[in-house]
2 protein chains.
Amino acid sequence: MNLNNETFFKMLSDNTRLRALMLMQRMGELCVCELTHALNLSQPKISRHLAQLREYEIVDTRRDGQWMYYQINSQLPAWALGVLQQTSSGIGETEQFFSDFSVLNDMIKQTKASCCS
Amino acid sequence: MNLNNETFFKMLSDNTRLRALMLMQRMGELCVCELTHALNLSQPKISRHLAQLREYEIVDTRRDGQWMYYQINSQLPAWALGVLQQTSSGIGETEQFFSDFSVLNDMIKQTKASCCS
DNA sequence: AACATATATATGGTTTAACGTATATTGTAA
DNA sequence: TTACAATATACGTTAAACCATATATATGTT
């Protein structure tokens with residue numbers, strides 16, 4: 001794939017996108033409503049940021065019925081995957097991100113199945 | 001030190017700053033005129049971007065006479081240094097960056113000493 | 001002191017990015 | 001076909017980033 005460095009870092013430079021990516025990095029694929037809930041942000045806001053990540057092929061998507069699942073694009077160059085990995089292990093335990101994970105995990109436990117109520 | 005993730009990636013998301021950082025990553029400390037020459041950009045433009053990098057403590061500086069030397073801040077959190085390292089090894093050989101290194105190396109050879117003519 | 005070199009900052013204009021709100025699309029189920 | 005749930009997009013506004021040009025500061029030299 002063809003990744004532009006500047007674009008790649010621009011995608012990481014917004015906190016909403018970074019939080020979403022960190023969740024995907026750790027949890028694998030996630031649907032929009034899971035992200036919306038975990039990050040506690042409006043659906044259009046999440047959706048617009050995810051559209052950008054998809055446009056630049058940082059993530060790829062899979063539709064399952066009404067749900068659209070997003071995950072980090074495994075075809076990214078190794079160095080870019082490394083950056084995401086390094087970032088995740090470096091900041092995954094900071095308050096902000098730790099809280100995101102908790103909210104998401106609680107949600108998953110409650111609904112038993114994968115997605116929103 | 002206290003590094004904000006969003007800010008860190010914002011600093012990497014501009015091509016001028018990224019090119020400068022990649023040069024510092026590989027070459028160690030560099031003065032403004034070396035960067036100006038290697039990147040072939042106007043002095044105020046370089047200077048403004050370096051000021052941002054310094055403001056957010058991505059780089060630190062050392063004055064030597066008229067020259068101001070910039071280098072990557074070794075006090076950055078390990079994950080951030082890792083990101084820079086990973087990025088450097090991942091994109092250092094792409095055309096743009098390779099060319100920057102060549103120009104800088106030619107310059108250093110010519111002037112024998114460290115800095116500008 | 002006067003001047004030159006290296007670097008930094010200020011100003012004003014232009015472009016890009018983000019946001020909230022409203023609305024459209026797509027799929028499912030009755 | 002109507003209704004609903006999940007997701008995507010459009011529109012208008014606000015804020016932030018970047019740039020080129022001009023000017024200021026700091027250091028060194030004569």
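Residue numbering restarts at 1 for every chain, and letters A, B, ... go by the order of the sequence lines. Note that the coordinates shown come from a computational prediction; the quantities given were computed from them, not determined experimentally.
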By side chain to side chain contact (heavy atoms under 4.5 Å, CB included), which residues pair with B/Ser102, not counting sequence neighbours? B/Phe98
Give me each pair satisfying salt bridge (Lys or Arg N to Asp or Glu O under 4.0 Å) with a member in residues 49-64 of chain B, each pair once, sequence neighbours excluded. B/Glu29-B/Arg62
Counterpart residues, salt bridge (charged side-chain N to carboxylate O under 4.0 Å, His left out), relative to A/Asp14 (two or more places apart): none
Just how far, in rounded Å, is C1' of C/dA8 from CD of B/Glu55? 14 Å
In B/S/- notation, 5' to 3', how is nucleotides 21-27 of chain C contacted by protein heavy atoms closer than 4.0 Å? BB----B
Separation of D/dT7 P from A/Tyr69 OH (nearest whole Å): 8 Å
Can you tell me if B/His49 touches the phosphate of D/dA17, counting only side-chain N or O atoms and a distance under 4.0 Å to OP1 or OP2? no
Quick one: side chain to side chain contact (heavy atoms under 4.5 Å, CB included) partners of B/Ala80, sequence neighbours excluded? B/Leu3, B/Phe8, B/Leu76, B/Pro77
Output all residues satisfying ring pair (Phe, Tyr, Trp, His ring centres under 6.0 Å) with A/Tyr70, sequence neighbours left out; order by chain, then residue number. none
In whole Å, I'd like the distance from the CG atom of B/Leu41 to the P atom of D/dT21. 13 Å
Please enumerate all residues that pass salt bridge (charged side-chain N to carboxylate O under 4.0 Å, His left out) together with B/Glu93, with sequence neighbours excluded. B/Arg26
If I take atom CD in residue B/Glu34 and atom C1' in nucleotide C/dT5, what distance separates them, rounded to the nearest angstrom? 15 Å
Separation of C/dT7 atom P from B/Leu30 atom CG, nearest Å, is 11 Å
Taken in chain and number order and not counting sequence neighbours, the residues that satisfy side chain to side chain contact (heavy atoms under 4.5 Å, CB included) with B/Gln85 are B/Gln25, B/Ser89
Rounded to whole Å, the CH2-P distance (B/Trp67 to D/dG28) equals 9 Å
Mind listing the side-chain donor-acceptor pairs of residues 39-51 of chain B below 3.5 Å, one per line with the distance, residues two or more places apart or on another chain?
unit_1  : atom_1 : unit_2  : atom_2 : d
B/Ser42 : OG     : B/Lys45 : N      : 3.3
B/His49 : ND1    : B/Arg17 : NH1    : 3.1

Does some side-chain heavy atom of A/Leu12 sit less than 4.5 Å from a side-chain heavy atom of B/Leu12? no
For the helix from C/dA1-D/dT30 to C/dA30-D/dT1, figure out the bend between the end axes, five pairs an end, and round to 10 degrees. 10°
In whole Å, what is the span from the CZ atom of B/Arg62 to the P atom of C/dA6? 16 Å
What pairs meet the salt bridge (Lys or Arg N to Asp or Glu O under 4.0 Å) rule with one or both residues in residues 68-77 of chain A, with sequence neighbours excluded? none
Closest non-hydrogen atom pair, B/Tyr56 against B/Met1: O-CE, 4.3 Å
Go through residues 8-28 of chain B and report each residue with a non-hydrogen atom lying under 4.0 Å from DNA chain C, sorted by number. none
What is the separation between atom OH on A/Tyr70 and atom C1' on D/dA6, rounded to the nearest whole Å? 11 Å
Options D/dT7, C/dT9, C/dT7, nucleotide nearest the side-chain atoms of B/Val32: C/dT7
